[in-house]
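A quick write-up on the structure given underneath.
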Amino acid sequence: MAYEGILLGMGNPLLDISAVVDDDFLKKYDIKLNDAILAEDKHLAMYEELAKRSNVEYIAGGATQNSIKVAQWLLQVPGATGYIGCIGKDKFGEEMKKNCTQAGVNVQYYEDEATPTGTCAVCVVGGERSLVANLSAANCYKSDHLKKPENWALVETAKYFYIAGFFLTVSPESIMLVAEHAAAKNKIFSMNLSAPFICEFFKDVQEKALAYMDYVFGNETEARTFAKVHGWETDNVEEIAIKISQWPKASGTHKRITVITQGADPTVVAEDGKVKLFPVTLLPKEKLVDTNGAGDAFVGGFLSQLVQEKPIEECVRAGIYAANVIIQRSGCTYPEKPDFK
């Protein structure tokens with residue numbers, strides 16, 4: 001099977017500014033662990049404060065970009081994956097381009113002259129993370145860039161698409177162009193619930209895209225928020241996963257499969273009105289560095305097997321493997337070669 005360009009991701013490329021902080025820091029900026037939000041004015045001083053810390057690290061991030069890089073790492077075929085998003089014409093943007101290209105991803109960034117590359121504050125306490133994204137240039141992506149022949153060619157070549165829900169705040173139009181193409185050409189379109197605020201405040205665009213999703217990823221908090229927003233009287237993640245998988249579909253070619261991770265608890269996979277549970281590899285607490293990128297890594301691992309048409313059990317196993325590797329390192333980074341068998 002020809003793998004070149006088989007998987008295409010589209011999203012918000014962000015540079016992670018990551019540091020271990022304490023509870024007082026979280027309180028000062030009114031943020032909570034295991035959450036992901038967009039920066040408001042009250043958060044802007046935080047980036048400076050993190051940058052001044054001796055333990056600060058700069059790591060190429062952004063949810064979709066993380067997942068695509070992990071899939072690329074597991075596939076070990078240069079150019080098997082592609083990625084589209086918007087960066088600024090600056091040092092951070094150049095770093096990101098270099099990082100992704102070296103990872104083997106075919107990146108086609110739209111470069112915004114006027115806006116700096118987006119950043120994400122990653123505040124780590126006890127291995128858990130809180131994410132605050134200052135989208136900047138990532139927020140400037142326009143579907144005109146996607147429609148350019150050289151970029152649309154990536155869409156034509158790909159057979160699988162993955163877009164984090166975060167991109168719904170930036171360019172729903174670009175998402176629908178890809179979703180409709182996937183439905184028309186019987187390709188696989190997948191997205192992520194990504195964060196409670198997406199389910200709450202971007203409900204309409206999320207629902208519109210959901211009709212096209214063949215795979216829906218998310219974690220337990222996002223799934224419960226989705227259920228609450230839609231008036232489903234249940235907190236049960238298995239029930240919610242089934243209901244999401246049964247949401248009406250725009251194209252009848254593929255059934256929808258919902259995959260919900262629950263941290264150290266089993267991963268829930270819902271298809272055909274039934275649920276399967278997959279236990280995760282438990283990690284001793286002393287080996288946990290940070291959970292930043294764990295969910296993204298799971299998706300990347302899953303997709304690396306999906307594009308090879310492996311059974312769902314193998315996709316989940318690779319997802320769990322990748323997440324386990326990433327939580328033992330800072331940010332969404334990985335060793336040179338995978339040892340996934």
**Prompt:** Going from NZ on Lys69 to CD on Gln102, what distance comes out if it is rounded to the nearest 0.5 angstrom?
**Reply:** 10.0 Å
**Request:** Check whether any side-chain heavy atom of Val125 lies under 4.5 Å from a side-chain heavy atom of Asp22, and answer yes or no.
**Result:** no
**Min side-chain heavy-atom separation Val268-Leu277 under 4.5 Å** = yes
**Prompt:** With no hydrogens and no angle check, do the side chains of Asn192 and Tyr162 hold a donor and an acceptor under 3.5 Å apart?
**Reply:** yes
**Closest non-hydrogen atom pair between Ile17 and Leu50, with its separation** = O-CD1, 3.8 Å
**Prompt:** What are the two closest heavy atoms between Thr267 and Val259, and how far apart are they?
**Reply:** CG2-CG1, 3.9 Å
**Asked** Centres of the Phe340 and Tyr321 rings: under 6.0 Å?
**Response** yes
**Message:** Using 30° and 60° as the class boundaries, would you call the ring planes of Phe161 and His181 parallel, tilted or perpendicular?
**Reply:** perpendicular
**Prompt:** Any side-chain heavy atom of Arg317 sitting closer than 4.5 Å to one from Lys310?
**Reply:** no
**Asked** Among Gln246, Lys255, Arg256, whose side chain to side chain donor-acceptor pair (under 3.5 Å) with Asp272 holds?
**Response** Lys255
**Message:** Under 4.0 Å between a side-chain nitrogen and a carboxylate oxygen: does that hold for Lys249 and Asp214?
**Reply:** yes
**Asked** Around atom CD of Glu180, are there more than 12 heavy atoms of other residues, nucleotides or ligands at under 6.0 Å?
**Response** yes
**Asked** Taking atom OH of Tyr109 and atom CD1 of Ile87, what is their separation to the nearest 0.5 Å?
**Response** 6.0 Å
**Close side-chain approach of Val299 to Leu303, heavy-atom, < 4.5 Å** = yes
**Basic-acidic side-chain contact under 4.0 Å: Glu173, Lys147** = yes
**Asked** Are Glu207 and Lys203 within salt-bridge range, i.e. N to O under 4.0 Å?
**Response** yes
**Asked** With side chains defined as the heavy atoms from C-beta onward, is the minimum distance between Ile198 and Glu222 less than 4.5 Å?
**Response** no
**Prompt:** Got Ile84 and Tyr110 here, is their nearest side-chain heavy-atom distance under 4.5 Å?
**Reply:** no
**Fill in**
residues 282-315 vs ring-ring contact (aromatic ring centres under 6.0 Å, His included), sequence neighbours excluded, gives Tyr215-Phe302, Phe217-Phe302
**Prompt:** Taking 4.0 angstrom as the limit, do Lys91 and Glu94 come out as a salt bridge?
**Reply:** no
**Item:** Test log, rule side chain to side chain contact (heavy atoms under 4.5 Å, CB included), inputs Gln65 and Met96
**Value:** CA-CA 10 Å; Gln65 191 164 246; Met96 196 121 63; 3.3 Å; yes
**Request:** Would you check if there is a donor-acceptor pair between the side chains of Glu49 and Tyr29 at a distance under 3.5 Å?
**Result:** yes
**Request:** Over 60° means perpendicular and under 30° means parallel, so classify the ring planes of Trp247 and Phe226, tilted if in between.
**Result:** perpendicular
**Item:** Closest non-hydrogen atom pair between Val70 and Ala297, with its separation
**Value:** CG1-O, 3.7 Å
**Request:** Using a 4.5 Å cut-off on heavy atoms from C-beta on, say whether the side chain of Leu146 contacts that of Val178.
**Result:** yes
**Prompt:** Within a reach of under 6.0 Å around NZ of Lys98, are more than 12 heavy atoms found that belong to other residues, nucleotides or ligands?
**Reply:** no
**Message:** So Pro172 and Lys208, do their side chains get closer than 4.5 Å, heavy atoms only?
**Reply:** no
**Asked** Which is it for Thr221 and Asn34 under the side chain to side chain contact (heavy atoms under 4.5 Å, CB included) test, yes or no, and what are the steps along the way?
**Response** CA-CA 9 Å; Thr221 318; Asn34 297 317; 5.9 Å; no
